[in-house]
**Student:** 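Take a look at the following structure, please.
We use all heavy atoms of the structure for the numbers below, so side chains are in, but hydrogens, waters and symmetry mates are not. Here is the naming used below: chain letters follow the sequence lines, and residue numbers restart at 1 for every chain. On a predicted model such as this, the values are computed, not experimentally measured, just so you know.
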There are 2 protein chains.
Amino acid sequence: MARTTGSDGEKTEAAVREAAAGLIARYGYEAMSMRRLAAEVGVQAAALYRYFPTKEDLLFTLMREHMEGLIAAWEMARPASAGPEARLAAYVRNHIAFHIERRHSTHVSNMELRSLSHDRLTRILRMRTAYEKELRAILRDGAEAGVFSIEDTGLTAMALIQMMTGVIVWFRPGERLSVAEVTATYLSMTMRLVGARIDIGIPTAPRVPADAQRAL
Amino acid sequence: MARTTGSDGEKTEAAVREAAAGLIARYGYEAMSMRRLAAEVGVQAAALYRYFPTKEDLLFTLMREHMEGLIAAWEMARPASAGPEARLAAYVRNHIAFHIERRHSTHVSNMELRSLSHDRLTRILRMRTAYEKELRAILRDGAEAGVFSIEDTGLTAMALIQMMTGVIVWFRPGERLSVAEVTATYLSMTMRLVGARIDIGIPTAPRVPADAQRAL
DNA sequence: ACGATAATAAAACAAACGTTCAATTAATTC
DNA sequence: GAATTAATTGAACGTTTGTTTTATTATCGT
């Protein structure tokens, strides 16, 4: 009734993170009890407190690492120097790929913000704002360069992000559409939405050519 | 310690509904206790059970009435016979207006589905699907008539709905933009997104003419 | 082989939860 | 004005919650 054979702190902590993201995504933060989480990991509830002082610490860790991962992914994917269209395309591709790959933590980071304390909420929102600022900069540059037609940069950025993040609500891998197909379609919807004239770079998608593309 | 002067069943029930929508939207269904809700209404927790047998019944009632209201609003707003552009414009206007007006119940209906029992979840999703089907029909008609350029009808419908519903996440009345301005901008973003050539009907918005509208 | 430490189990805590029940008073009906 | 019904209170029930404490065992460095 104590330490079990083969137990390893790092592995347990990783298992807790993953199980927590899954359970919170499915049932919600408040609905997930520490005992249920412990059972999912195959451990007693008290063991969780060796890795996370409180339940909220666990939630905050998941969110912080999600946002850090998102920003890091964008910094890797960001083109060093390119036109607004190419930068926007890179942003869309990175955003959709990241959010589909990390569905659970995306759900957590988007739906459970209200369960954070004021300070921690502020810190997460700061990261989010920094990430969204990148998109606004791209849109502004494109509008000033005359390659985009945008009425309101901030509003367009929010609309695009909501649209893209919404993928995780209905997308299930292995159903009608592949990730590449979804990404390609969202890319052309984005380009049309911002008023870009040409559909730059859909090279990754071996997709059936669109039946009606006259507007471009 | 019993019936209070001036107490009225109908008024209390309405107050419970409204307070519940607000509390659930702010703190989440699981985080809202029946005692907290009762305190908000100015009543004891036991009194709530005169109107709603269980907490989940209350949640389901809020969601069902939200969806019924949304569908009813669309049936009122739907043009009897008009082209796809006008029908799409009506859909967008109705959707945004309804969701901004009923921010709280929208939040509830979108975020708390997982707290419903299987049967009730099915019933709510059925209503939602019926509502979304209207949009898909408009998009399909427009694509077939050649006035829209759409790659994937279902995917475009989901993208539009996510984009429009997302308004409630950041929009706060009385800030930078008015409802009319937001609606007008979303309308033209929608029209561009579906590849419509002309921007039919933005007559309701006394907006500063967009600085860059070259694509239309 | 052994001491130190890492990892866990088991039991317990007070607090909060949804819900029920009997008692009590206001409003309505006849 | 008495009888009936509507609306609510206050107290209580058994569970479940997040968390703490203490004891116990596995692992690792030496």
**Student:** Between A/Arg102 and A/Glu68, does any side-chain N to carboxylate O distance fall below 4.0 Å?
**Tutor:** no
**Student:** Please report the distance, rounded to the nearest Å, between CD in B/Glu13 and P in D/dA6.
**Tutor:** 14 Å
**Student:** Using a heavy-atom distance cut-off of less than 4.0 Å, which residues of residues 26-35 of chain A contact DNA chain C?
**Tutor:**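 A/Arg35 - these, ordered by number, are the residues of the stretch whose heavy atoms sit under 4.0 Å from the strand.
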**Student:** Can you tell me how far P of D/dG18 sits from NZ of A/Lys55, to the nearest Å?
**Tutor:** 4 Å
**Student:** Atom CD of B/Gln44 to atom P of D/dA12: distance rounded to whole Å?
**Tutor:**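 Distance, rounded to whole Å: 14 Å.
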**Student:** Under a 4.0 Å threshold between the charged nitrogen and the carboxylate oxygen, would B/Arg120 count as salt-bridged to B/Glu56?
**Tutor:** yes
**Student:** State, yes or no, whether a side-chain contact exists between A/Arg78 and A/Glu134 at a heavy-atom distance under 4.5 Å.
**Tutor:** yes
**Student:** In whole angstroms, how far is the P atom of C/dA27 from the NZ atom of B/Lys11?
**Tutor:** 11 Å
**Student:** Is any side-chain nitrogen or oxygen of A/Tyr51 closer than 4.0 Å to OP1 or OP2 of C/dT8?
**Tutor:**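 Yes, such a contact exists.
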**Student:** Can you label the angle between the B/Tyr131 ring and the B/Tyr91 ring as parallel, tilted or perpendicular, going by 30° and 60°?
**Tutor:** parallel
**Student:** For A/Leu48 and C/dA6, what is the distance between atoms CG and C1' respectively, to the nearest whole Å?
**Tutor:**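 After rounding, the reported distance stands at 16 Å.
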**Student:** Looking at A/His66 versus A/Phe98, is the centre-to-centre ring distance below 6.0 Å?
**Tutor:** yes
**Student:** Atom CZ of B/Arg36 and atom P of C/dT19: how far apart are they, to the nearest Å?
**Tutor:** 18 Å
**Student:** Kindly indicate whether a cation-pi arrangement holds for B/Lys55 with B/Phe60, taking the cut-offs as under 6.0 Å to the six-membered ring centre and within 45° of the axis.
**Tutor:** no
**Student:** Answer yes or no: is there an ion pair linking A/Glu181 with A/Arg176, defined by an N-O contact shorter than 4.0 Å?
**Tutor:** no
**Student:** Quick one: list whatever passes salt bridge (charged side-chain N to carboxylate O under 4.0 Å, His left out) with B/Arg136, sequence neighbours left out.
**Tutor:** none
**Student:** Starting from the first five and the last five pairs of the helix from C/dA1-D/dT30 to C/dC30-D/dG1, work out the angle between the resulting helix axes, to 10 degrees.
**Tutor:**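 End-to-end axis angle: 20°.
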**Student:** Under a plain distance cut-off of 3.5 Å, with no hydrogens placed, do A/Asp57 and A/Thr54 share a side-chain donor-acceptor pair?
**Tutor:**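 Yes, a side-chain donor-acceptor pair sits under 3.5 Å.
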**Student:** Starting the side chain at C-beta, find the nucleotide from D/dT9, C/dA10, D/dT19 nearest to A/Tyr49.
**Tutor:**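 Minimum distance to the A/Tyr49 side chain belongs to D/dT19.
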**Student:** For B/Arg50 and D/dT5, what is the distance between atoms CZ and P respectively, to the nearest whole Å?
**Tutor:**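 So the CZ-P distance, B/Arg50 to D/dT5, works out to 13 Å.
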**Student:** Does D/dT8 have OP1 or OP2 under 4.0 Å away from a side-chain N or O of B/Thr12?
**Tutor:**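 True: B/Thr12 side-chain N/O within range (under 4.0 Å) of D/dT8 OP1/OP2.
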